[in-house]
Undergrad: 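Can you read through this structure? Questions will come right after.
Start at 1 with the first residue, then count along the sequence. Remember, it's a predicted structure, so these values are computed and weren't measured experimentally.
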Amino acid sequence: MRSVTVTGKTIEEAIQDALNQIGTVQENVDVEVLDEPKKGFLGFGGKPARIKVSEKPDIMEQTRAFLEKVIRNMGVEASIEGRREDRDLLFTLSGEKIAIVIGKRGQTLNSLQYLTNLAANRFSDRFVRVVLDAENYRERREDTLKKLADRLADKAMVTKKDIQLEPMPSLERKVIHLYLKDKKGITTHSDGKDPHRRVVIVPRNK
């Protein structure tokens, strides 16, 4: 991380000079005012503004470092690829023992994603969302959820009773809600509080 100390007639002028030197924009830096500008008398005795401008730590690198440390403490060696899409930080994990990181029905991966979200939002001054995937698990899980949704929606219509699914993270609940949104004969909603919040499938004509 780079930092510079600069002076200027005004704080704004000094900030712009610092940004030009570092080659970035203001949202990527922290500004510390060391001396306020002071006007002199009849052009004498004035004092310029003096500030220190420092680059903010890169949130992707901080989040990656957090992930690497947690996974290493799990006794797993994994490579991590990441990319950023606006406020989404997307990381893909791969390695020989990656099944340990995924866990049963993705529970370990979801827990790791939750912890990483907490960490990333401590690093950031605006909300970001972390999504973790491992060996294409999310796509395979989505296919499984859609098949489960079809089967349980049909069951709800036949039995004319509400069907509660197992507790799921918000991303998985969203998959089911969107998939069943246009299915005739049923509606869906979520019930409960995280981490026990679940999808409920309700037949329209009980």
Undergrad: If only atom types and distance count, is the side chain of Arg2 paired as donor or acceptor with the main-chain N or O of Glu55 below 3.5 Å?
TA: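 No.
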
Undergrad: Where do Val101 and Leu132 land on the side chain to side chain contact (heavy atoms under 4.5 Å, CB included) test, with the steps shown first?
TA: CA-CA 10 Å; Val101 177; Leu132 301 185; over 6 Å; no

Undergrad: For Pro167, give me all partners under side chain to side chain contact (heavy atoms under 4.5 Å, CB included), at least two apart in sequence or on another chain.
TA: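 With neighbours one apart ignored, the set is Arg198.
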
Undergrad: Which side-chain N or O atoms in residues 26-34 pair as donor and acceptor under 3.5 Å with protein atoms at least two apart or in another chain?
TA:
from: Asn28; atom 1: ND2; to: Thr24; atom 2: OG1; distance (Å): 3.1

Undergrad: Mind jotting down which residue pairs meet the side-chain hydrogen bond (donor to acceptor under 3.5 Å, both in side chains) criterion with at least one end in residues 112-122? Sequence neighbours excluded, please.
TA: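 Residue pairs with at least one partner in residues 112-122: Gln113-Arg138.
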
Undergrad: Determine whether His177 and Ser190 make a side-chain contact, defined as any pair of heavy atoms from C-beta on separated by less than 4.5 Å.
TA: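 Side-chain contact under 4.5 Å: yes.
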
Undergrad: Do any pairs count as a side-chain hydrogen bond (donor to acceptor under 3.5 Å, both in side chains) and have a residue in residues 67-79, sequence neighbours left out, and if so which ones?
TA: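 Every pair satisfying side-chain hydrogen bond (donor to acceptor under 3.5 Å, both in side chains) with a residue in residues 67-79: Ser79-Ser94.
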
Undergrad: With a 4.5 Å heavy-atom cut-off, do Ile22 and Val53 have their side chains touching?
TA: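 Sidechains of Val53 and Ile22: in contact.
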
Undergrad: CD of Gln107 to CG of Leu109: how many Å apart, nearest 0.5 Å?
TA: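 Going from CD on Gln107 over to CG on Leu109, the span is 11.0 Å.
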
Undergrad: What distance do Ile163 atom CD1 and Leu152 atom CG have between them, rounded to the nearest 0.5 Å?
TA: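 With rounding to 0.5 Å, CD1 (Ile163) is 6.0 Å from CG (Leu152).
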
Undergrad: I'd like to check the salt bridge (charged side-chain N to carboxylate O under 4.0 Å, His left out) partners of Lys56; sequence neighbours left out, ordered by chain and number.
TA: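 In terms of salt bridge (charged side-chain N to carboxylate O under 4.0 Å, His left out), with neighbours along the sequence ignored, Lys56 is linked to Asp125.
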
Undergrad: How about Val202 and Ile186: do any of their side-chain heavy atoms sit closer than 4.5 Å?
TA: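 A side-chain contact under 4.5 Å is absent here.
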
Undergrad: Test of understanding: with salt bridge (charged side-chain N to carboxylate O under 4.0 Å, His left out), list the residues that count as partners of Asp58, not counting sequence neighbours.
TA: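 Testing Asp58 for salt bridge (charged side-chain N to carboxylate O under 4.0 Å, His left out), a comparison that skips the adjacent residues, returns none.
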
Undergrad: Heavy atoms only: give me the nearest Ala153-Lys183 pair and the separation to one decimal.
TA: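 Result for this residue pair: CB-CE, 3.6 Å.
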
Undergrad: After noting the C-alpha distance and the side-chain angles of Ile102 and Thr108, does the key distance pass the side chain to side chain contact (heavy atoms under 4.5 Å, CB included) rule?
TA: CA-CA 5 Å; Ile102 296 173; Thr108 305; over 6 Å; no

Undergrad: Please determine whether a side-chain nitrogen of the Lys or Arg among Asp194 and Arg173 lies less than 4.0 Å from a carboxylate oxygen of the Asp or Glu.
TA: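 Yes, this pair counts.
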
Undergrad: Quick check for you: to the nearest 0.5 Å, what is the distance between Ile80 atom CD1 and Leu67 atom CG?
TA: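 Separation between the atoms: 5.0 Å.
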
Undergrad: Hey, what do you get for CD (Glu135) to CZ (Arg140), rounding to the nearest 0.5 Å?
TA: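 Between Glu135 CD and Arg140 CZ, I get 8.0 Å after rounding to 0.5 Å.
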
Undergrad: Under the salt bridge (Lys or Arg N to Asp or Glu O under 4.0 Å) rule, what pairs show up with a residue in residues 79-88, not counting sequence neighbours?
TA: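 Pairs touching residues 79-88 that pass the test: Arg83-Glu85, Asp86-Arg126, Asp88-Arg129.
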
Undergrad: Would Glu139 and Asp133 satisfy side chain to side chain contact (heavy atoms under 4.5 Å, CB included), going step by step from the backbone distance to the final call?
TA: CA-CA 9 Å; Glu139 184 176 337; Asp133 198 1; 5.8 Å; no

Undergrad: Tell me whether Tyr137 is reachable from Leu148 by hopping between hydrophobic residues (I, L, V, M, F, W, Y) whose side-chain heavy atoms are closer than 4.5 Å.
TA: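 As far as the 4.5 Å side-chain criterion goes, Tyr137 and Leu148 are not connected within one cluster.
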
Undergrad: Show the numbers, then the answer: is there a side chain to side chain contact (heavy atoms under 4.5 Å, CB included) between Tyr179 and Asp150?
TA: CA-CA 9 Å; Tyr179 183 66; Asp150 269 331; 2.6 Å; yes

Undergrad: In the hydrophobic cluster built from side-chain contacts under 4.5 Å, what are the other members alongside Leu90?
TA: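 For the cluster that includes Leu90, the remaining residues are Val131, Leu171.
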
Undergrad: Answer whether the closest heavy-atom distance between the side chains of Phe123 and Val128 falls below 4.5 Å.
TA: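 A side-chain contact is absent here, since even the closest heavy-atom pair is not under 4.5 Å.
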
Undergrad: What pairs meet the salt bridge (Lys or Arg N to Asp or Glu O under 4.0 Å) rule with one or both residues in residues 91-119, with sequence neighbours excluded?
TA: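 Pairs touching residues 91-119 that pass the test: Arg105-Glu166.
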
Undergrad: Quick check: closest heavy atoms across Val130 and Phe91, and the distance to 0.1 Å?
TA: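 Answer, listing the atom of Val130 first, then Phe91: CG1-CD1, 4.1 Å.
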
Undergrad: May I ask you to test the Leu112-Ile71 pair for a side-chain heavy-atom distance under 4.5 Å?
TA: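 Leu112 reaches Ile71 side chain to side chain.
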
Undergrad: Taking side chain to side chain contact (heavy atoms under 4.5 Å, CB included) as the test, write out the residues that go with Thr144, two or more places apart.
TA: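 Testing Thr144 for side chain to side chain contact (heavy atoms under 4.5 Å, CB included), a comparison that skips the adjacent residues, returns Arg141.
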
Undergrad: With sequence neighbours left out, write down each residue that passes side chain to side chain contact (heavy atoms under 4.5 Å, CB included) with Ser3, or none if nothing qualifies.
TA: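 Expected list: Lys52, Ser54.
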
Undergrad: Is Ser124 reaching over with its side chain to a backbone N or O of Ala120, donor-acceptor style, under 3.5 angstrom?
TA: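 Pair absent, no side-chain N/O of Ser124 close to backbone of Ala120.
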
Undergrad: Check the hydrophobic clustering (I, L, V, M, F, W, Y; side-chain heavy atoms under 4.5 Å; chains of links allowed) and say if Val200 and Ile176 are grouped together.
TA: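 They do not share one cluster, since no chain of ILVMFWY contacts under 4.5 Å joins Val200 to Ile176.
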
Undergrad: With a cut-off of 3.5 Å and sequence neighbours excluded, list every side-chain donor-acceptor pair involving residues 11-18.
TA:
from: Glu13; atom 1: OE2; to: Lys9; atom 2: N; distance (Å): 3.1
from: Gln16; atom 1: NE2; to: Asn20; atom 2: OD1; distance (Å): 3.1
from: Asp17; atom 1: OD1; to: Gln21; atom 2: NE2; distance (Å): 3.4

Undergrad: To the closest 0.5 Å, what do you measure between CG (Leu145) and CG (Leu180)?
TA: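 With rounding to 0.5 Å, CG (Leu145) is 10.5 Å from CG (Leu180).
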
Undergrad: Between Leu165, Asp154, Thr187, which is the residue that forms a side-chain contact (heavy atoms from CB on, under 4.5 Å) with Ile201?
TA: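 It is Leu165; the other options fail the test.
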
